[in-house]
Amino acid sequence: MKKLSLYVSIALAGLFMGSCSDDFTNWANPQTNPQEDAITIPGFTATAGQAINFANVETDSVSTFTLSEAALPAGFTLEKARLELTPQGVENATKTTVNASPEGKGAVADLASALESAFGKRPTARTFDAHVYVNAVKEGQAVLIDAGNINLVMTPKAPFIDTNYYLVGNMTDWQLDTNLKFAHSDAGVYEDPIFTIVFTTTEDDQCWKIIPQGNVDAGNIWAVENAPKGVVGIETDGDDAMKGTLLTTTSKGEKAGAGKIAKAGTYMMTINMMDYTYEIVKPTEFEYVALIGVGGKWSDGDDIDLTQVTPHNWYKANVEIPDGGFKIRADHKWRDDGNWGFDAGQNYESKGTLITSGGSNNIPVPAGTYNIYFNDITGAYAFVEVK
């Protein structure tokens, strides 16, 4: 790193400019390492702006830093700047370059993208090490100035995601039924915004909406005063589309309509509350769901059938498992839409989710006697050892 005294910076800057190309147009992406080519000027440093919460930003750009322009040698003007962002606390973090104006303003889209790529969309304040470089120009020639490091603190803008959701509708007489609670993983809702539910309608043209946990806790499932935490539905009341966008009924008069299931049957609904989207599918129905490979027995006829024990496609079997793995398959044959096992690299846990694929791996249950539970729609399983 070259250091200049304030008194000789103009002369040496001119020397540096003598080696610059006349058509220097993309200083943010030079062919050589910018850290080696940049100069420092005593007193010319960047100062971090205030922490940025994108939930409160309504403009296209935000202030990230300010510069002490008083230290800039006479005759120079600032044209462009950039920040080289490295997320703090991230192992093997990669650096991202974001362009900025000389006033330190960066595009919201670029900054938000860098933030979400490094940390995800969870609305938590995150800190980046930001190295600031500025392009100074005199008489058409440019010199790159190192304005130092700052801490840039940013919080993503993320939609509200409640801890749990419930399905209500004609099938519940529009009352809360806690048995129709969406399933969710053990991860935080901003790490995993996917919720699923399997439900059965016994009549055609059954309408539905979704109730967030906050409304249940408040004792009023139809509450809208805590927008955007109100009832979740769709744009067009009575639409029977099997996938689309979710909306929230709010205290501002915005009303989400009810979706509709056109034909009676068993369905699985998946909602992504990060994107506020939904999809409803009618699962394949199987005559049998069975274990295969127990004790190393993989031939047709070695299947150990599971018994359906509840609605919504839960199955159970009590089985003694020796050493070695097994799989679960449907209808006593191999089929990609009914062949369940562990994903590649998946470590054994007593409960979780199996993948449906012809290339799935064996399930490595330790030797013992188990109550085995499995859902052929969601792939959820639980292996409870019987002592």
Side-chain angles (χ1 to χ4, degrees), residues 1-4 6 9 13 24-30 33-91 93-138 142-160 190 274:
M1 183 75 70
K2 304 176 179 68
K3 295 185 179 296
L4 304 180
L6 181 60
S9 60
F24 191 100
T25 57
N26 191 8
W27 72 272
N29 295 288
N33 292 328
Q35 293 88 342
E36 296 301 322
D37 295 336
I39 63 172
T40 59
I41 299 177
F44 185 85
T45 57
T47 300
Q50 294 184 343
I52 302 166
N53 186 341
F54 286 111
N56 302 325
V57 174
E58 298 180 353
T59 56
D60 294 333
S61 63
V62 288
S63 178
T64 58
F65 65 85
T66 56
L67 293 169
S68 53
E69 292 189 40
L72 188 68
F76 283 84
T77 59
L78 302 179
E79 288 197 353
K80 297 178 182 178
R82 77 164 182 268
L83 300 97
E84 294 188 350
L85 304 177
T86 304
Q88 291 186 3
V90 176
E91 187 175 355
T94 58
K95 187 181 297 182
T96 301
T97 298
V98 173
N99 291 332
S101 70
E103 295 76 30
K105 288 193 173 183
V108 168
D110 294 340
L111 293 166
S113 176
L115 175 59
E116 292 174 11
S117 295
F119 294 106
K121 294 184 178 181
R122 184 181 179 89
T124 300
R126 309 292 191 176
T127 303
F128 287 82
D129 291 323
H131 204 133
V132 180
Y133 293 93
V134 187
N135 193 33
V137 177
K138 182 178 182 181
V143 61
L144 187 61
I145 302 175
D146 181 345
N149 289 291
I150 60 171
N151 283 338
L152 182 61
V153 181
M154 300 185 288
T155 303
K157 178 181 180 180
F160 169 76
Y190 288 95
M274 186 68 73

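Quantities reported herein were computed from a predicted structural model and do not represent experimental measurements.
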Any L111 side-chain heavy atom under 4.5 Å of T64 side chain:
yes
Show the numbers, then the answer: is there a side-chain contact (heavy atoms from CB on, under 4.5 Å) between L72 and I145?
CA-CA 10 Å; L72 188 68; I145 302 175; 3.9 Å; yes
If you compare all heavy atoms of I150 against all heavy atoms of F65, which two are closest, and at what distance to 0.1 Å?
CD1-CB, 3.8 Å
Please examine the side chains of F119 and V90, heavy atoms only from C-beta on, and report whether any two atoms are closer than 4.5 Å.
yes
Side-chain contact test, heavy atoms from C-beta onward, threshold under 4.5 Å: evaluate it for D146 versus H131 and give yes or no.
yes
Rounded to the nearest 0.5 Å, how far does CZ of R122 lie from CD of E116?
14.5 Å
Sub-4.5 Å side-chain heavy-atom contact between I39 and L144
no
Do you know the tightest heavy-atom contact between S101 and A81?
O-CB, 3.6 Å
Side-chain heavy-atom pair F128, T86 within 4.5 angstrom cut-off:
no
Is S61 reaching over with its side chain to a backbone N or O of G106, donor-acceptor style, under 3.5 angstrom?
no
Is there a donor-acceptor pair closer than 3.5 Å between any side-chain N or O of S113 and the backbone N or O of A109?
no
If we ignore hydrogens and angles and just use 3.5 Å, is the side chain of T127 paired with the main-chain N or O of V153 as donor and acceptor?
no
Side chain to side chain, F44 and L78, heavy atoms closer than 4.5 Å:
yes
Closest non-hydrogen atoms of V137 and N135, given as atom of the first, atom of the second and distance, are CG2-ND2, 4.0 Å
Looking only at heavy atoms, what is the nearest atom pair of K80 and P102, with distance?
N-CG, 4.0 Å
Is a side-chain N or O of Y190 found less than 3.5 angstrom from the main chain of P159, in a donor-acceptor match?
yes
Does Q88 reach the side chain of N151, with side-chain heavy atoms less than 4.5 Å apart?
yes
Quick one, L115 and T155 - any side-chain contact, counting heavy atoms below 4.5 Å?
no
Of all the heavy-atom pairs spanning G120 and P156, show the shortest one and how long it is.
O-CG, 3.7 Å
At their closest point, which heavy atom of A147 faces which heavy atom of L67, and how far apart are they?
CB-CD2, 3.9 Å
So, taking the atom named CD in E84 and the one named OG1 in T96, what distance separates them when rounded to the nearest 0.5 Å?
10.0 Å
